[in-house]
*Asks:* 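One structure follows; several queries about it will come next.
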Amino acid sequence: MTTEAASQQIARLDDYSPIIGEAELAELRTLASPLRGRTVQMVNSTALGGGVAEILNRLVPILQELGLAIRWDIITGGNEFFAITKAFHNALHGGLYPLPPESFDTFLATTQQNLSRLNMDCEFTLIHDPQPIALIQARNNHSGHWIWRCHIDLSRPNPTVWQFLEPWVGKYDGAIFSSPEFTKRLPIPQYLFFPSIDPLSEKNRELEPEVVRQVLGRYGIDAQRPILTQISRFDRLKDPVGVIRAYRIVKRYFDCQLVLAGGKADDDPEGATVLAEVMEAAKNDPDVHILDLPPWSPTEINALQQGSTLVIQKSLREGFGLTVAEALWKKKPVVASAVGGIPLQVIHKHTGLLAHSVEGTAYQVRFLLSNPVLAAKLGQQGHEHVREHFLITSNAKRYLTLLLHLLK
Ligand code: UDP
C-alpha cells in the first residue's frame, strides 16, 4: 500500500459521526477548544504490542486533530530493565517478586538514562504504567501537571514491589485507574477512565467477508467448522495453556478448532518461553492453530476475530482486556474469566458469559455453541455496550475533561 493510500485510511474526527453522532463530536470540540495549543506528553514503554500502545496509537492523533500540541514518547531500556519491569507487572498482579533488591537500583538507573534523553517540559505529562513511573523526578524543574495512568489491576499487589512504587505514585497530581476495584489508598486524587478501542482502526473496522476468508485460509483454518479464538500476547497471565485444556473438553462434544494468536511486545521478554509451553501443550493437534503474529498485524487480528464463532479470554489476571472489547464490538459471543476489568465488559448473561476455571470456560463455550440464537444476542448487546462505554472518542473526552479540570 502506498503511503498516500495508507494515510487516506486513517480516520478523521468527522468519520466517527455515524457511530457516535454529531452531538458527541460537537461536545469533544467544545471541550478541546480551551486546550488548543496546550502541550501534552504521553509516555509509555512500547510503541507496539499490548493494550496501552493500542490506545495511544489512536488517542494521540485524535487529540492532535482536536488542537492539542500532544506528543508520545517511549522510554528505552535493555533486556535487564524489561525483565525487571515484567517482574513488576507479574508481582503487581499478585505474583511473587523473584528478583534481588538491587533490581530496583537498575530500574532507577534506566530511568536516569531516559531522563537525560527525553524532553519532559510539557504542561501536562501522562505517564502510563510502572515502567516510566520514576520520570516524575523531572518535575522538580518546572510546574506542569503530572498524572500517572495505571492500566494494571492493583487490587492485590505484591508488597515488595508496591512499597517501592508507592512513593513515586504519591508524587503525581493524580492517578487514573481502569476500575474502581483497582484503586489504592493514596494521598492524591484518583480518576476512573475506561480503556478504549477505535472502531475505525484497521483492527476494528468491518472487513469484507472475502478478506476474512483469505486470512483464515492463509493459516489453514477451516471456516466451515466452529472456531474458538483467543488473541493475546503469549503471557502466562493470559493462560493460553488453560485455553487449550478448555478446548480439549469442548472438543469431546463439538468438532471445533482453536486459534491462539499472539505476538510479542517489546517490553515483554517472556513471550518466547510461554510460546514454547503453548506449543508443547498443543501436542501437534492439527485443529489447534498457534499463530505467532508479527507485532503489527491489525488486519489479521481483525479477520481472526471476525471469522471466529466465539472468542475466549481466559486470563488469570487482567488490567482491562482490550481484546474483549474488540471481540464484543465485532458482535462476537465472548466467554471470559471474571478477573480484572473483564466483568466491566462482559456482563454475565447480557453481553457474554463469565467463567472462573478451565471447566467453567469449557462449559460456557459448549453452552453457547449449542445456543447460537442466544450467542448472537449476547454479541449484539456486547456491541452496544462497547459503543456506549469503551470507544476511543469517550476516552478522548475523559482526557479532555481531566486536563480542563487540572487547568483551573
Ligand atoms: N494484540 C496484537 N497482537 C497480538 C496480541 C494482541 O496486536 O499478537 C493486541 C490486541 O488486539 C489488543 C492488545 O494487543 O488490542 C492487547 O490488549 P489487552 O488489554 O487485551 O492485553 P495486554 O497485552 O495489554 O495485557
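Both counts, for ligands and for their atoms, begin at 1 and track the order of listing. Hydrogens, waters and symmetry mates are skipped; everything else that's a heavy atom, side chains included, is used.
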*Asks:* Applying a 4.0 Å heavy-atom criterion (strictly less than), which segment of E326 is in contact with ligand 1: side chain, backbone, both, or neither?
*Replies:* side chain
*Asks:* Does any N or O of ligand 1 fall below 3.5 Å from an N or O anywhere on K203, backbone included?
*Replies:* yes
*Asks:* Please state which protein non-hydrogen atom is closest to atom 16 (C) of ligand 1 and give its distance, to 0.1 Å?
*Replies:*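 Looking only at protein heavy atoms, the one closest to atom 16 (C) of ligand 1 is G51 N, 3.6 Å.
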*Asks:* Can you confirm whether or not the ring centre of H289 sits under 6.0 Å from the ring centre of Y219?
*Replies:*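 Distance test on ring centres: not under 6.0 Å, no.
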*Asks:* Nearest 0.5 angstrom please: S297 OG to N302 CG, how far?
*Replies:* 12.0 Å
*Asks:* Going by the atom numbers of ligand 1, which of them fall below 4.0 Å from some non-hydrogen atom of G321?
*Replies:*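 Listed by number with element, the hits are 19 (O), 20 (O).
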*Asks:* Quick one: nearest non-hydrogen protein atom to atom 21 (O) of ligand 1, plus distance?
*Replies:*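 Ranking protein heavy atoms by distance from atom 21 (O) of ligand 1, first comes K238 NZ, 3.0 Å.
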*Asks:* Counting only nitrogen or oxygen atoms and a 3.5 angstrom limit, does F320 reach ligand 1?
*Replies:*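 No: no nitrogen or oxygen of F320 is under 3.5 Å from one in ligand 1.
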*Asks:* So, does G319 sit close enough to ligand 1 that a heavy atom of it is under 4.0 Å from the ligand?
*Replies:* no
*Asks:* For ligand 1, which atoms, with element, lie under 4.0 Å from some heavy atom of E54?
*Replies:*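 In order of number, 15 (O).
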*Asks:* Would you say N79 has more than 12 foreign heavy atoms packed within less than 6.0 Å of its CG?
*Replies:* no
*Asks:* Which heavy atom of the protein is the closest neighbour of atom 23 (O) of ligand 1, given with residue, atom name and distance?
*Replies:* R233 NE, 2.7 Å
*Asks:* For ligand 1, which part of I301 has a heavy atom less than 4.0 Å away: the side chain, the backbone, both, or neither?
*Replies:*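 It is the side chain that touches ligand 1; the backbone stays farther off.
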*Asks:* Does even one non-hydrogen atom of G262 get within less than 4.0 Å of ligand 1?
*Replies:* yes
*Asks:* Please confirm whether L322 comes within less than 3.5 Å of ligand 1 when only nitrogen or oxygen atoms on both sides are compared.
*Replies:*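 N/O-N/O distance under 3.5 Å: yes.
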*Asks:* Is the count of non-hydrogen atoms from other residues, nucleotides or ligands lying under 6.0 Å from R117 atom CZ greater than 12?
*Replies:* yes
*Asks:* So with a 6.0 Å cut-off around CD of E181, is the heavy-atom count from everything else above 12?
*Replies:* no
*Asks:* I need the minimum non-hydrogen distance between A336 and V346, along with the two atoms involved.
*Replies:*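 The pair with the smallest heavy-atom distance is CB-CG2, 4.3 Å.
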*Asks:* For the pair Y97 and F164, evaluate ring pair (Phe, Tyr, Trp, His ring centres under 6.0 Å) and give the outcome as yes or no after the intermediate values.
*Replies:* CA-CA 12 Å; Y97 186 65; F164 171 71; 8.9 Å; no
*Asks:* Can you check whether G263 has an N/O within less than 3.5 Å of an N/O in ligand 1?
*Replies:*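 Right, the criterion is met.
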*Asks:* Is the distance between the ring centroids of F193 and F177 under 6.0 Å?
*Replies:*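 Centroid distance F193-F177: not below 6.0 Å, so no.
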*Asks:* Specify side chain, backbone, both or neither for H151, according to which of its non-hydrogen atoms lie closer than 4.0 Å to ligand 1.
*Replies:* neither
*Asks:* Please check if atom CZ in R71 has more than 12 non-hydrogen atoms from other residues, nucleotides or ligands closer than 6.0 Å.
*Replies:* yes
*Asks:* Answer yes or no: does an N/O atom from S232 fall short of 3.5 Å to an N/O atom of ligand 1?
*Replies:*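 In this structure, S232 places no N or O atom under 3.5 Å from an N or O of ligand 1.
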*Asks:* For the residue pair F81 and F107, does the interplanar ring angle fall in the parallel (under 30°), tilted (30 to 60°) or perpendicular (over 60°) class?
*Replies:* parallel
